[in-house]
Amino acid sequence: YYVGGSDRRLALFENCFPIPDGIAYNSYLLMDEKTVLFDTVDYSIGRQFIDNITSLLDNRKLDYLVVNHMEPDHCALITQIISFYPDLKLVANKKTLGLISQFYNVDMTERTVCVGDGDSLSTGKHNPKFYTAPMVHWPEVMMVYDEKSKALFSSDAFGCFGALSGNIFADELNYECEWYPESRRYYANIVGKFGLQVLNILKKLADLDIELICSLHGPIYRRKEDIIA
């Protein structure tokens, strides 16, 4: 399930890049025998985000919070989520765990599952697998691939500027005319300077059967032609 939201009030992304059409902060909730939240969002849409999660879970507990990226627009709600679901486990790599202790005064004892490149997490019918993607575009970044849904949770890679207005899939939008230029601008400014690292993670993921690309910003891709355009 998509549990993210959009901010149309922000004028500059990272206080640097103009976003006249706003920005989407994406987060995803896996409902299996175990429940898994992939990343949080920016504090600006925190109330909506909490409502999305609590409504979907409907008194179920949240078992895991996967932290793919520690940039504040994706990790700002970690402590709030813990306060709502105090028994959850944080799933993160070693570098991420080090950053969490610097960002937040959170007792990590008995609360973490440390994962490395190629590790997986059984949640019932799903087995999300983790791939480190350092410097795409922070050193702790990782991506997650779920073989059952063939979804790649790609962190900031494949992101796009622009707020979403109900339709979350690229093929539901006038993508080539209205969104593709913002995808190019996003890549050039946010990820493109780490081109070698981008190529490295693409090689690492080359053998995966990917049908969905779920980025942390912008629409979800489910057609190859939208990526290649």
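Note that the structure is predicted; figures quoted are calculated from it, not measured. All residue numbers refer to positions in the sequence shown, counting from 1. No hydrogens, no waters, no symmetry mates; every other heavy atom, side chains included, goes into these values.
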Please name the pair of heavy atoms, one in Val3 and one in Asn52, separated by the smallest distance, quoted to 0.1 Å.
O-ND2, 3.1 Å
Look only at the side chain of Asp39 and the backbone of Asn68, and say whether a donor-acceptor pair between them is shorter than 3.5 Å.
yes
Would you say the ring centroid of [X] lies under 6.0 angstrom from that of [Y]?
{"X": "Tyr64", "Y": "Tyr85", "value": "no"}
{"X": "His217", "Y": "Phe158", "value": "no"}
{"X": "Tyr145", "Y": "Tyr131", "value": "no"}
{"X": "Tyr1", "Y": "Tyr28", "value": "no"}

May I have the step-by-step check of side chain to side chain contact (heavy atoms under 4.5 Å, CB included) for Arg222 and Glu211, ending in yes or no?
CA-CA 6 Å; Arg222 56 184 179 183; Glu211 292 188 357; over 6 Å; no
Would you compute the distance between atom CG of Leu173 and atom CG of Asn167 and round it to the nearest 0.5 angstrom?
5.5 Å
Could you state the interatomic distance from SG (Cys75) to CD (Glu140), rounded to the nearest 0.5 Å?
8.5 Å
Applying a strict under-4.5 Å side-chain criterion to I, L, V, M, F, W and Y, I'd like to know whether Leu10 and Leu216 cluster together.
no
Between Met135 and Phe130, is there a shared hydrophobic cluster once you connect ILVMFWY residues whose side-chain heavy atoms come closer than 4.5 Å?
no
Over 60° means perpendicular and under 30° means parallel, so classify the ring planes of His69 and Trp138, tilted if in between.
perpendicular
What is the ring orientation for Tyr25 with His74, classed by angle as parallel under 30°, tilted 30 to 60°, or perpendicular over 60°?
perpendicular
Check step by step if side chain to side chain contact (heavy atoms under 4.5 Å, CB included) holds for Asp119 and Asn93.
CA-CA 10 Å; Asp119 289 344; Asn93 60 54; over 6 Å; no
Between side-chain atoms of residues 190-201 and protein atoms elsewhere (two or more places apart, or another chain), which donor-acceptor pairs fall under 3.5 Å?
| residue | atom | partner | partner atom | Å |
| --- | --- | --- | --- | --- |
| Asn200 | ND2 | Leu196 | O | 3.4 |

Given the options Lys94, Lys204, Lys129, Asp117 meets salt bridge (Lys or Arg N to Asp or Glu O under 4.0 Å) only with Lys204
